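Working notes, structure below.
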Amino acid sequence: MSTERYNPREAEPRWQQHWTDNRSFEAKEDPSRPKYYVLEMFPYPSGRIHMGHVRNYTMGDVIARFRRALGYNVLHPMGWDAFGMPAENAAIERGVHPKSWTYENIATMKRQLKSMGLALDWSREIATCDPSYYRHEQAMFVDFIKAGLVERKVSMVNWDPVDHTVLANEQVIDGRGWRSGALVEKRELAQWFLKITAYSDELLTALDGLTRWPEKVRLMQKNWIGRSEGMRFSFALEDTNGKLLNERLTVYTTRHDTIFGASFCAISADHDLARRLSETDEGLASFRREVAALGTSEETIERAEKKGYALGLYARHPFNPEVKLPVYAANFVLMGYGEGAIFGCPAHDQRDLDFARKYDLPVLPVVAPKGTDAAAFTVGTEAYLEKEGDNTILINSQFLDGMGVPEAKAEIAGRMEAMGIGERKVNFRLRDWGVSRQRYWGCPIPVIHCASCGIVPVPKAQLPVTLPEDVTFDKPGNPLEHHPTWKHVDCPACGKPARRETDTFDTFIDSSWYFARFCSPHADVPVAADAAKYWMGVDQYIGGVEHAILHLLYSRFYARAMKATGHFHMDEPFDSLFTQGMVIHETFRTRTGEWVLPADAEQRDGRWVHVTTGEPLEIGGVEKMSKSKKNVVDPDDIIARFGADTARWFMLSDTPPERDIEWTEAGAEKVWRFTQRIWRLVNESAASTDGSDAAQSLELRRAAHKALHAVTEDLAALRFNRAIARVYELTNALQAALGKAEPAAVREAAELLILVSAPMMPHLAEECWQALGCKGYVVDTPWPKADPALVADDQVTIAVQVNGKRRDEITIARGTASKDVEALVLKLESVSRSLEGRAPKKVIVVPDRIANIVG
RNA sequence: GCGGGCGUGGCGGAAUGGUAGACGCAACGGACUUAAAAUCCGUUGUCCUUGUGGCGUGCCGGUUCGAGUCCGGCCGCCCGCACCA
């Protein structure tokens, strides 16, 4: 057979053109057909696509093509998360305008994505930096203001001193800015907030309904929202002389049962009381400065020592007037949670214990395992925390003695409520979402500040508020603030000179509703209801786990906020979520420690050296591909050398999609050879006309239909690596049968091989389809149906065990009755030998699987 | 510290409580070739006394006719959150 090699470089662009000309992937609403919306997290146009994109978009594409073949009306759109700081950094570093930088990147990346042969509907392409997109974002924000979902408050913010902007709590990682890596400082600023906390409970409880989300992601969100049930109550305060003040101290606790173990109270350094007292107490003022300096910095992370400053105030114990609890300002009490004030019970809280030991405060255990002698039970340097299964009771606690913890909590809550000093209260860890950013390349916040009218939303008729293009980046901070004219406008309410808001939105807002915009990307409302009702929710959403909290939580909130303002109809936009693993690669570095690109490393005489310098290289760990470690490969290179199908197939083979996959050159070459093997095999199949072995034909047909059946199930469950293993099996079976099986069987197997591999290698499939002389195109061919009679064998080989150890196997007709199997196995010589003369006590038969003789 | 996940050949990994190691890679042997590459055929968990054999899914124990899978306890690795009262 002298078939020419398959040439992806020639074939792939040709098929891509065919699909484009054919408008194969443009989606139209069609209520008569079942829809399927598959979406991958859209990319930030950073410059070029990376292998992580290749993996992510390949997975989505396989699903899109598979569902389409199954008869679904598939929506598979693509767009650009186009606002963000790298564009401004490019402007600062290279003098390019953020807009042109962004659009050039989009052009490059679009070309790259097209070269992957993705089944995308490009007619729905959106870019979040386009006014036709962000005008709707602004309009919805105005509606959010009216609906009370927006708040402007002065608050302590996380200030990134490198990027000169505010960060949300979610964007501070280990005390550093998520993008700049700079140590975050605390500052007080007036900021715009979206009231995500209004939905805390709702966002939490609705997680239970997201049954097709990874359990891990649901848990992460659950912990992030952080619901806790406790009590808010207040202490009477007195001064050093025992004089009652006309001010009470309110604290939050989840352990009100331990109230008799209280030995101090502590308030945050930012607490209102501490602020006021520091005006006259220089020691306190300096303590407050010290705490502020620590802020969210590294030292805090490394568990700064517990420190406090005694305020000279005492809290009266609500049930024991004899006991006075000294009140401290303390560095470990957070202003943002609960009341910013606590009571300390050292025996049962490690932080409180550390604090008490330092300041020599009493440590009185009040909870102990049942049966413990209360007088003898002490706590040393480790607080006693009850573990699961501990049977604990209250001790040293007057009227609570002998009660269990839940009972004691109920008792205290009841008494405090009766006394009118407190009530049960649910608290959340989740904070409101600060959305103001002091940056240029973002969506302008559509608000005007007027000296007489206050804050005035921009009237919808005046939207969009577009970004000025004539900006400079020669000084730090926000170019919008420096712009000579842009911020000066007349107040829409009174007409007097006023000032535009110069903050822009956090870019997470842009990505919190794009999935809905894709339903009607050209509509003159944010989301056209009919289109959204047809296409939403997203049947399969795919992206990295790194978005498990931020993007996915914001989107869930946004859906609700849009619903509340009439822009959307559902709460949960993503029916099914899949988080794929990263692409990892070996790292190389020189003796001097400089990272080297894999493309510049080569093996000579078993040693790794630099391609041009010949310098010896050390092989480092296999790590996530990153520019800093230079262990990246360029998708363009791979596609140019091997073709898109090879890159796609590699990304799906061997490793389960949720795990990290290691890219290797050798692996890519193997896949490339496999594409040639399929090509050769299909051509040989087309020419195979003289086989006549009926048994081989049946065997091949069985193999083909089994493979089809298995691939169908595996793709539906996103088990791409298993689907691919089944394709290899079919390839092997076809190869073995060539020249022996009848031409019809060979042809059928070849056709099925093409069709089941098509979602993964669409170009090669089309090319093979033509080579085999089939009608039409693979892209228009429905997914085949496996013949059940061929999928199930009529003979099965079952294992025969004696006392759970495999001793033999027998081949019997499928569905043989248990009693017949039993009779059969008891006659086996291997069985009687293994029984060593004992009589069989019992025989367990699992039909078509196994027989186990107990004796 | 809290929460979660994972430990299977030389490697990536298969395995509804039912024949552990599918499939791929690597390695080895052979065919073809002047030679190499490519391709094709075969072997490959491990041990021994090579059998109709023993052992084997991180370690220890349990449930079961039967455990990689379920339960309990360790060990190791990975991830998320982290002074949240």
Side-chain angles (χ1 to χ4, degrees), chain A residues 5 173-175 214-224 226-228 230-231 251-256 258 266 268 300-301 303-306 330-334 336-345 348-352 354-355 382-383 385 427-431 545-546 548-549 650 653-656 658-662 664 666-667 669-671 673-674 676-677 680 710 719 721-732 735-736 797-809 828-830 833-834 840-855:
Chain A
R5 273 185 162 185
I173 294 146
D174 289 344
E215 187 59 34
K216 178 187 162 133
V217 172
R218 287 156 60 189
L219 254 160
M220 281 165 72
Q221 293 214 352
K222 191 178 168 192
N223 292 337
W224 190 264
R227 183 181 196 274
S228 64
M231 279 210 81
V251 300
Y252 181 74
T253 181
T254 56
R255 292 302 306 273
H256 30 295
T258 65
S268 164
T300 315
I301 302 309
R303 302 194 168 225
E305 192 187 358
K306 306 281 173 289
N331 63 351
F332 67 95
V333 181
L334 304 174
Y337 187 78
E339 301 297 318
I342 60 156
F343 77 80
C345 176
H348 307 292
D349 182 293
Q350 193 58 46
R351 293 157 299 171
D352 295 350
D354 295 345
F355 191 82
E382 280 197 24
L385 306 169
N427 256 341
F428 294 91
R429 190 182 166 283
L430 185 68
R431 311 293 155 75
V545 245
E546 66 272 20
I549 297 172
F650 186 110
S653 316
D654 298 340
T655 303
E658 67 278 8
R659 288 195 212 167
D660 292 350
I661 191 169
E662 184 184 354
T664 63
E669 279 165 17
K670 276 289 162 190
V671 174
R673 284 202 280 274
F674 178 67
Q676 296 299 338
R677 185 175 169 214
R680 209 164 45 235
R719 293 187 298 244
N721 56 320
R722 295 213 316 192
I724 279 179
R726 301 287 90 84
V727 176
Y728 279 121
E729 281 177 346
L730 175 53
T731 309
N732 293 339
Q735 182 149 355
T797 300
I798 69 167
V800 180
Q801 296 182 336
V802 176
N803 292 329
K805 283 198 194 300
R806 184 177 169 281
R807 292 298 172 188
D808 208 342
E809 60 179 36
L828 289 172
E829 205 243 316
S830 52
R833 187 170 356 97
S834 300
K841 286 192 208 125
K842 193 166 150 191
V843 180
I844 288 128
V845 176
V846 181
D848 299 335
R849 288 230 98 123
I850 203 167
N852 187 16
I853 298 107
V854 186

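Small disclaimer: the values here were computed from a predicted structure and weren't measured. Convention: sequence-line order gives letters A, B, ...; per-chain numbering from 1.
- When the C1' atom is used for both B/G58 and B/C75, the distance is 7 Å, rounded to whole Å.
- Checking the phosphate oxygens (OP1, OP2) of B/C84, no side-chain nitrogen or oxygen of A/Asn223 falls inside 4.0 Å.
- In this model, the phosphate group of B/G13 is approached by a side-chain N or O of A/Arg659 to a distance below 4.0 Å at OP1 or OP2.
- Note on A/Lys222: every side-chain N or O is 4.0 Å or more away from OP1 and OP2 of B/G80.
- The gap from the C1' atom of B/G51 to that of B/U57 amounts to 25 Å, rounded to the nearest Å.
- Phosphate contact (OP1/OP2 of B/C40, side-chain N/O of A/Gln735, threshold under 4.0 Å): present.
- Comparing B/G56 with B/G66, their P atoms are spaced 15 Å from each other, to the whole Å.
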**Strand RNA chain B as a dot-bracket string - pairs counted if Watson-Crick or G-U with both distances under 3.5 Å, | where the partner lies in another strand** = (((((((..(((.....[....)))((((((.......))))))((((..).)))..(((((..]....))))))))))))....

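- Taking 4.5 Å as the limit, every side-chain heavy atom of A/Thr655 sits out of range of all side-chain heavy atoms of A/Asp660.
- Nucleotides B/G73 and B/C65, compared at atom C1', are 26 Å apart to the nearest Å.
- Nucleotides B/A22 and B/U44 place their P atoms 11 Å apart, quoted to the nearest Å.
- In this structure, CZ of A/Arg255 is placed 20 Å from P of B/C83, rounded to the nearest angstrom.
- The OH-C1' distance, from A/Tyr728 to B/G13, rounds to 13 Å in whole Å.
- Residue A/Ile549 places its side chain closer to B/G80 than to any other of B/G80, B/G24, B/A38.
- Of the candidate nucleotides B/C23, B/A85, B/G18, B/G18 has the atom lying nearest to any side-chain atom of A/Ile844.
- Side-chain contact between A/Thr258 and A/Phe343 is present, with at least one heavy-atom pair separated by less than 4.5 Å.
- You'll find a donor-acceptor pair under 3.5 Å spanning the side chain of A/Asp654 and the base of B/G12, going by distance alone.
- Comparing B/U39 with B/G17, their P atoms sit 39 Å apart, to the nearest whole Å.
- Rounding to whole angstrom units, NZ of residue A/Lys216 and P of B/C81 are separated by 10 Å.
- Between A/Arg677 and the phosphate of B/C40, there is a side-chain N or O to OP1/OP2 separation shorter than 4.0 Å.
- Residue A/Thr664 places no side-chain N or O under 4.0 Å from the OP1 or OP2 atom of B/C25.
- Rounded to whole Å, atom P of B/C83 lies 8 Å from atom CZ of A/Arg429.
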Protein-nucleic acid N or O pairs under 3.5 Å, nucleotides 53-55 of chain B:
unit_1, atom_1, unit_2, atom_2, d
B/G54, OP1, A/Arg807, NH1, 3.1

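- Not a single donor-acceptor pair, N or O on each side, falls under 3.5 Å between the base of B/C40 and the side chain of A/Arg680.
- B/A20 and B/C6 have their P atoms separated by 23 Å, with the value rounded to a whole Å.
- If you take NZ of A/Lys670 and C1' of B/C23, they are 14 Å apart, rounded to a whole angstrom.
- Distance check on atom P: B/A14 versus B/C2 gives 31 Å, rounded to whole Å.
- Between A/Tyr337 and B/A85, a side-chain N or O to OP1/OP2 separation shorter than 4.0 Å is present.
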